[in-house]
2 protein chains.
Amino acid sequence: MTLRADARRNRDLLVAAATGVVAEEGPEASLNEIARRAGVGPGTLYRHFPTRDALLAAVFEGRLSRLCEQAEELSASAPPGEALVAWLRLLTVHAMTDKGLGARMMLPTSAASVDCWAMLRAAADGLLKPAQESGHLRPDVDFTDLVELTAGIAQSAPDPARAHRLLTLTLDGLRIPPARA
Amino acid sequence: MTLRADARRNRDLLVAAATGVVAEEGPEASLNEIARRAGVGPGTLYRHFPTRDALLAAVFEGRLSRLCEQAEELSASAPPGEALVAWLRLLTVHAMTDKGLGARMMLPTSAASVDCWAMLRAAADGLLKPAQESGHLRPDVDFTDLVELTAGIAQSAPDPARAHRLLTLTLDGLRIPPARA
DNA sequence: ACCTGAACACCGTTCAAGT
DNA sequence: ACCTGAACACCGTTCAAGT
């Protein structure tokens with residue numbers, strides 16, 4: 001199952017090149033350009049990553065595991081309500097990196113990101129349930145709701161400050177509820 | 001200022017062709033394909049619409065004016081809070097049409113859509129202020145907030161039913177507020 | 001096994017030549 | 001004035017030929 005040495009090396013070169021190019025040009029960056037910068041032929045890129053999303057997922061993996069670590073740290077160091085909100089803010093920032101790569105990878109739309117999705121979900125569940133059990137988060141909200149809302153905000157907000165505001169609004173609600181008895 | 005007869009005709013053919021192609025393939029549809037279907041050369045397309053967004057704006061105009069009409073109708077026929085919510089739902093559905101054309105055009109990102117933005121804003125203001133004055137909408141929320149939130153939802157939600165749910169969540173808020181005294 | 005890179009059909013965009 | 005369509009540099013993707 002392990003790759004031949006040169007194949008392994010080419011794979012690493014491709015992921016490194018893709019990381020650089022995607023950081024500069026976003027997730028629609030030219031695949032030929034990535035292969036060129038990695039010093040391999042386009043065919044080699046396709047051999048290792050049959051689809052664009054497969055390559056993007058490899059680029060994305062490192063950042064994703066960082067986000068999962070942070071979820072654990074927050075869950076250990078802050079009260080449930082605050083930990084969840086803090087992590088949602090990290091998730092939003094994250095979704096804005098690399099001109100939309102983040103938002104693209106965290107939505108379940110791209111079938112290649114099934115692994116990413118599972119990792120994210122596991123990390124989030126550790127924050128979600130305590131927040132609900134302690135009465136800080138509505139019990140009818142689930143992981144999918146949170147990801148879609150934060151990904152949407154990240155795609156629409158022109159800058160991080162706007163994203164921060166939109167997330168705050170979403171947490172608190174736009175509507176003024178009728179006064180309670 | 002009026003166009004020569006053949007130029008006028010070509011312009012109309014281009015918008016009609018673009019409307020069809022964009023409905024099928026979304027806002028990234030091939031411009032050469034649009035020119036081909038309109039029966040003109042690619043140069044003619046560029047003469048009339050120097051950028052892709054200029055062409056998309058022309059396609060978008062019809063739908064947009066419909067949305068403005070609906071804002072007026074709602075504002076006349078429903079109480080302020082309900083009228084605004086109903087219109088936000090229309091806006092969301094609208095932003096999902098043509099594989100993202102709507103969301104793309106209502107964000108102020110594309111400089112070519114300045115006119116669209118102004119039209120939308122005028123329509124929305126007639127609903128926003130009454131809702132705030134009657135105590136149904138938070139007074140610190142503005143038009144930009146509403147557009148960015150609905151555009152975000154439209155981009156992230158996989159289908160209209162999900163979009164409906166996400167908008168409801170955003171209106172009501174995710175967080176459970178501490179009990180009031 | 002794996003890599004190479006030429007090749008194909010396409011794209012956005014431009015511009016000399018026409019009417 | 002406006003239109004045409006060939007042409008250019010690029011893109012994603014494939015595949016025979018090499019090692």
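Naming convention: chains lettered A, B, ... in sequence-line order (proteins, then strands); numbering from 1 in each chain.
- A:Asp125 places no side-chain N or O within donor-acceptor distance of the main-chain N or O of A:Ala122, the cut-off being under 3.5 Å.
- Rounding to whole angstrom units, CG of residue B:Asn32 and P of D:dG5 are separated by 13 Å.
- Closest approach to the A:Tyr46 side chain among D:dG5, C:dC11, D:dT14 is made by D:dT14 (side chain taken as heavy atoms from C-beta onward).
- Remark: C1' of D:dG12 and NE2 of A:His48 are 18 Å apart, rounded to the nearest angstrom.
- Without hydrogens or angle criteria, A:Lys99 side chain to A:Ala23 main chain gives no donor-acceptor distance under 3.5 Å.
- Closest to the side chain of A:Arg52, out of D:dG12, D:dC11, C:dG12, is D:dG12.
- Of the possible donor and acceptor atoms, one in the side chain of B:Ser77 sits under 3.5 Å from a partner among the backbone N and O of B:Glu73.
- The residue B:Ala35 sits apart from the nucleic acid: no heavy atom pair falls under 4.0 Å.
- Under a 3.5 Å cut-off, the side chain of A:Gln132 and the backbone N or O of A:Arg138 do form a donor-acceptor pair.
- Atom CG in B:Asn10 sits about 18 Å away from atom P in D:dA1, given to the nearest Å.
- Comparing B:Arg47 and A:Gly43 against DNA chain D, the residue whose closest nucleotide sits nearer the 5' end is B:Arg47.
- In this structure, CG of B:Asp6 is placed 8 Å from P of D:dC2, rounded to the nearest angstrom.
- Atom P of nucleotide C:dC3 and atom CZ of A:Arg36 are separated by 19 Å, given to the nearest angstrom.
- Base pairing annotation: D:dT19 forms a Watson-Crick or G-U wobble pair with C:dA1, both donor-acceptor distances under 3.5 Å.
- Side-chain N/O atoms of B:Ser30 include none lying less than 4.0 angstrom from OP1 or OP2 on C:dC10.
- The distance between atom CG of A:Leu31 and atom C1' of D:dC10, rounded to the nearest whole Å, is 13 Å.
- Rounded to an integer number of Å, the gap from B:Leu13 CG to D:dT4 P is 10 Å.
- Candidate nucleotides D:dT4, D:dC2, C:dC2 were compared by shortest atom distance to the side chain of B:Thr44, and D:dT4 ranks first.
- Between the side chain of A:Arg36 and the backbone N or O of A:Gly41, no donor-acceptor pair lies under 3.5 Å.
- Pair check for C:dC8 finds D:dG12; Watson-Crick or G-U wobble, both atom distances under 3.5 Å.
- Closest to the side chain of B:Pro42, out of D:dA6, C:dG12, D:dC11, is D:dA6.
- Protein atom CD of B:Glu33 is 17 Å distant from nucleotide atom P of C:dA9, rounded to whole Å.
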